[in-house]
Amino acid sequence: MTIVLEPSDAAGGSGDPLTAGLNPQQKEAVEYRGQSLLIVAGAGSGKTSVLTRRIAGLLATREAWPSQILAITFTNKAAAEMRERVAHLVGQAGEGMWISTFHSACVRILRREAEQFGFTKSFTIYDSADSRALLKRILKELDADQLGLTVSMASGKISKLKNELSDVESYSRQINMNDPQEVMFLEIFRQYTRELQRANAFDFDDLIAQTVYLFRAFPHVAAQYQRRFRHILVDEYQDTNHAQYSLIRELTRPVQADLVDELERGGQFVQSMRDGSGGIPGASLTVVGDSDQSIYAFRGADIRNIVEFERDFPNSKVILLEQNYRSTQNILDAANAVISNNFDRQAKNLFTTVGAGSKIVGFTGYTGHDEAQFVADEIAALHESGTDYKDMAVFYRTNSQTRALEEIFIRSAIPYRVLGGTKFYERAEIKDAMAYLITVANPADPLALRRIMNVPKRGIGPATETAMQRWADTNEAPLRDAMRNADQLGLGPKVTGAITSLAKLLDDVQATAATAPVHEILSALIAGSGLVEVLRASRDPQDEARAENIDELVAVTKEFQKNNPDGTLLDFLTEVTLVAAADDLDDTSGTVSLMTLHTAKGLEYEAVFLTGVEEDLLPHRMSASEPGGPSEERRLFYVGITRARQRLFLSLAMTRAQFGEVNVAMPSRYLQEIPVELIDWKQSPGMANSRGGTQPRALNARREGGDGNRGATPRASGGYGSGSYDRATAAAKTKPKTEWANRVTGTVRDNGDMELEAGDRISHVDFGEGRVMAVTGIGARRIAEVLFDGAGRKKLLIKVAPIEKI
DNA sequence: ATAATAGTTCTTTTT
DNA sequence: GAACTATTAT
């Protein structure tokens, strides 16, 4: 993403390149010097530019060394972009700054200081799935479901407590000991905490909370960082939670004279930093945010942090950026109208000088697929008229909405990529391979060890595992030792052999881990365990895809080693765990981006499709019961709208398939908040409802699809046995549109080498009959341009489109 | 110990 | 529709 700053009327050709082209408010935000500064930056107001120029200014004037700057961003991607843009402005002078996310910065600090409080620097990080797995074990052991406790309740509550900086001790003091459920939860919390400590692991929330704990418990440690960071800048401040807020508070605290003396004795340079009392004054703090874009309350983000900033940090300067350099006035009018329905907000009105622009386009489909087809058609049309695919994005509220979109996009030969969602690293086989790496990096972690114990199958079942656990408990030794001493467990010779050889493999690889490159460690583990070998030998076609995924992981480690020649296994594991959905964005060349509204924050596109604008989806059903839920959902909608530069499309469906069943959907309440004259409805909710004169293409399609005629011709021409052909055909008859649900194996339908040329007549599941106008592309990417009798012109990917020659 | 089958429950958003 | 659980049969 790039934010282009238009020269404003007020700012003229001042000589300073850092403020050239800025409006007066932006200029002030770059140049203001003081203890604390709040920049209230409306969507598209050029805040990234302001922030980078502010940093560049500090460096260029020698007010700060790079090492004295700490900038916190929301994603690693944003951090990388900021670093790049600062480098662009000041060149080499920017090296040594800390620009990272809260989590990455805390990992960096914790790795250095872990030994201060009972961890080693090789700690691992548990992602949400890992901590859920751990909680699951604990709940089962305690029979907690008897009291109605679930894993998601427990993990949600623990996360919330940690975000509030509560630990087991402080929580135990505030509960009602007569409520067995609360007592049970406390026990779960206690065991969870103990297990993490034993495993030498932190969960996501710990990374922040434990850093705060570290600073509070060890003032001399905190003093080092307070001395070091003189300028702290925080982006997306409205999304900070209490723990993150506290971290900032700790970092900006002044250092008392006696601690400065201690630093000095430790060899740190402090002389010119001391103030009158001999201490070091607190770092200067700049925060940037927009309370209208606060969308992470569910994760503990506290909007009060930004609203009450002036109270928290007295004598703060506040600068308001309201001029928008991104969107057309029509889009901004819609955004302003929507957000003004949130009553408890500070007044703010975005404006632009670029003009009204096109109207917002609205569309109501009969089904989610119909809606997706609309999106695909509009994208094709935009592409034809010169908009690059990479400048278009499709947003949705829930990840499950991708299914229909992907299916239609594949058929329509629209190149796309999904950001976030079921990520590469969440796949079971990747988690398996990663667990091998974790056991080598952090032998204390029993969770990872359990995961790989019987993967691939070695005949080590639950019974064997409990036997080992029992040995470990009685000998007060880690699980790994139980494996090394498998012969003492009194198990069968086959199992014993399997255990000892796994233990040997892990020990052998571990011995090389300090020096060997990451990809060699991984390859050794894969070769030694037979992980890929077993998958390759399987008849299940999905296993082949899984094997390829693991190969891909090896490639990733090679790439990592190339980019970080000194990178250790721990560095690799950390990086992988902390990547965010939007971090994946890098080479989006030539593809449409699909993502949730949450990952869309901070990005911008020429054309934006906001899909599923329905009640129970946006606002989401779950938000209704939460305090502040509907307002937060409205902000989410607002965030989506304001991502668009030129074109905005709002779409919804009359019916939506959710968890198997088809439900009737109602238009979102937020649609009515947009002035009618701003929207040009291609098919309004009313029109779709009446099923009257407008072309009911989806209904046509249904009838066509159900006539049973299509099943007569084989469409799987190669690679599949007759059994799978039958199944595919049967499935196609009843539910033709769910064929692509399985993305592990790629596309199930395969027209193979179907020959088509201009003039042929074909029949399509959705669009009925039509005539081929042209065929372009080669091989698997052959595309047919078809003029359908009822549905107009479409482009189809021949290989996978549900079509037949007639 | 494992593979296959049938039944269950749920899904918001994410570092 | 998927992911997990419980119950079978091998």
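Each chain gets a letter, A, B and so on, in the order the sequences are listed, and its residues count up from 1.
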Short side-chain N/O contact to [N] OP1/OP2 from [X], under 4.0 Å:
X: Asn454(A); N: dT2(B); value: yes
X: Thr464(A); N: dA1(B); value: yes
X: Lys136(A); N: dT5(C); value: yes
X: Asn399(A); N: dT13(B); value: yes
X: Ser128(A); N: dT15(B); value: no

Is it true that Glu633(A) and Arg669(A) have a side-chain N and a carboxylate O under 4.0 angstrom from each other? no

Next item on the list: Inspect the contact between Lys47(A) and Asp235(A) and indicate whether a charged nitrogen and a carboxylate oxygen are less than 4.0 angstrom apart.
Entry: yes

Across all chains, not counting sequence neighbours, the side-chain contact (heavy atoms from CB on, under 4.5 Å) partners of Met153(A) are Leu149(A), Thr150(A), Gln181(A)

Euclidean distance, atom [atom1] of residue [X] to atom [atom2] of [N] [Å, nearest integer]:
X: Arg403(A); N: dA3(C); atom1: CZ; atom2: P; answer: 9 Å
X: Glu661(A); N: dT11(B); atom1: CD; atom2: P; answer: 18 Å
X: Met595(A); N: dT12(B); atom1: CE; atom2: P; answer: 21 Å
X: His598(A); N: dT14(B); atom1: NE2; atom2: C1'; answer: 8 Å
X: Lys160(A); N: dT13(B); atom1: NZ; atom2: P; answer: 18 Å
X: Asp206(A); N: dT15(B); atom1: CG; atom2: P; answer: 17 Å
X: Asn663(A); N: dG1(C); atom1: CG; atom2: C1'; answer: 14 Å
X: Arg397(A); N: dT11(B); atom1: CZ; atom2: P; answer: 14 Å

NA contact type, [X], heavy-atom cut-off 4.0 Å: base, sugar-phosphate, or nothing?
X: Ala657(A); result: nothing
X: Tyr296(A); result: sugar-phosphate
X: Ser400(A); result: nothing

Side-chain atoms of Thr596(A) come closest, of dT12(B), dT14(B), dT15(B), to dT14(B)

Quick note, Met622(A) side chain, CB onward, closest among dT14(B), dT15(B), dT12(B) is dT12(B)

Between Tyr126(A) and the options Asp445(A), Asp206(A), Asp205(A), Asp203(A), the side chain to side chain donor-acceptor pair (under 3.5 Å) test singles out Asp445(A)

Next on the checklist: Does His620(A) contact dT12(B) through a side-chain donor or acceptor facing the base, at a distance under 3.5 Å?
Outcome noted: no

Anything under 3.5 Å between a donor and an acceptor, one on a side chain of residues 135-142 of chain A, the other on a protein residue two or more places apart or in another chain? List them.
none

message: Using the six-membered base ring of dC10(B), report whether Phe659(A) stacks on it, requiring centroids under 5.5 Å and planes under 30° apart.
response: no

Closest non-hydrogen contact found for Ala335(A) with Thr642(A) is CB-CG2, 3.6 Å

Walking DNA chain B from its 5' end, the first of Leu636(A) and Gly459(A) to be reached, judged by nearest nucleotide, is Gly459(A)

Of Gly461(A) and Gln658(A), the one whose nearest nucleotide on DNA chain B sits closer to the 5' end is Gly461(A)

- request: For dT13(B) and dC4(C), measure between their C1' atoms and round to the nearest Å.
  value: 23 Å

